[in-house]
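Comments concern the structure below.
In what follows, residues are counted from 1 in the order of the sequence shown.
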Amino acid sequence: MTMLEIGDYARHQVTGLIGQVVGYGHEVVQGVYITTLKVRENSNGNSDRSRFLEDVYSEWVRVEIESVPTVLSSTSVESEVALQA
């Protein structure tokens with residue numbers, strides 16, 4: 001597994017949400033520290049608000065910058081949903 005770095009784009013494997021890595025964190029589970037990844041969700045052109053997501057590192061995978069949409073259209077969303085079905 002390749003280490004994700006701050007500035008990389010990542011996709012959450014369960015939710016499919018895409019964002020830019022902004023930091024690292026941790027959570028303690030049964031006395032064990034588990035590394036988390038902090039990601040700012042891709043805002044789809046809305047710079048007024050950002051949503052930040054954090055989950056265990058293993059739930060995130062790198063996304064190449066060419067495949068990160070800057071603006072979602074209804075067509076691209078429908079295509080994405082169809083591909084996942």
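- Within the 4.5 Å cutoff, side-chain heavy atoms of His12 are placed close to those of Asp55.
- Cluster annotation: Val39 and Val56 are assigned to distinct hydrophobic clusters (Ile/Leu/Val/Met/Phe/Trp/Tyr, side-chain heavy-atom contacts under 4.5 Å, transitive).
- The structure places CG of Leu53 at 11.5 Å from CD1 of Ile18, a figure rounded to the nearest 0.5 Å.
- In this structure, CG in Leu17 is found 12.5 Å from CD in Glu59, a value given to the nearest 0.5 Å.
- Under the 4.5 Å side-chain heavy-atom criterion for ILVMFWY residues, no single connected hydrophobic cluster contains both Phe52 and Leu37.
- Nearest heavy-atom pair, Arg62 versus Met3, reported as atom, atom and distance to 0.1 Å: NH2-O, 2.9 Å.
- In terms of heavy atoms, Val61 sits closest to Gln13 at CG1-CD, 3.6 Å.
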Listed pairs under 3.5 Å, donor-acceptor, residues 20-32 side chains, sequence neighbours left out:
residue	atom	partner	partner atom	Å
Gln20	OE1	Arg40	NH2	3.2
Gln20	NE2	Gly7	O	3.1
Tyr24	OH	Leu4	O	2.4

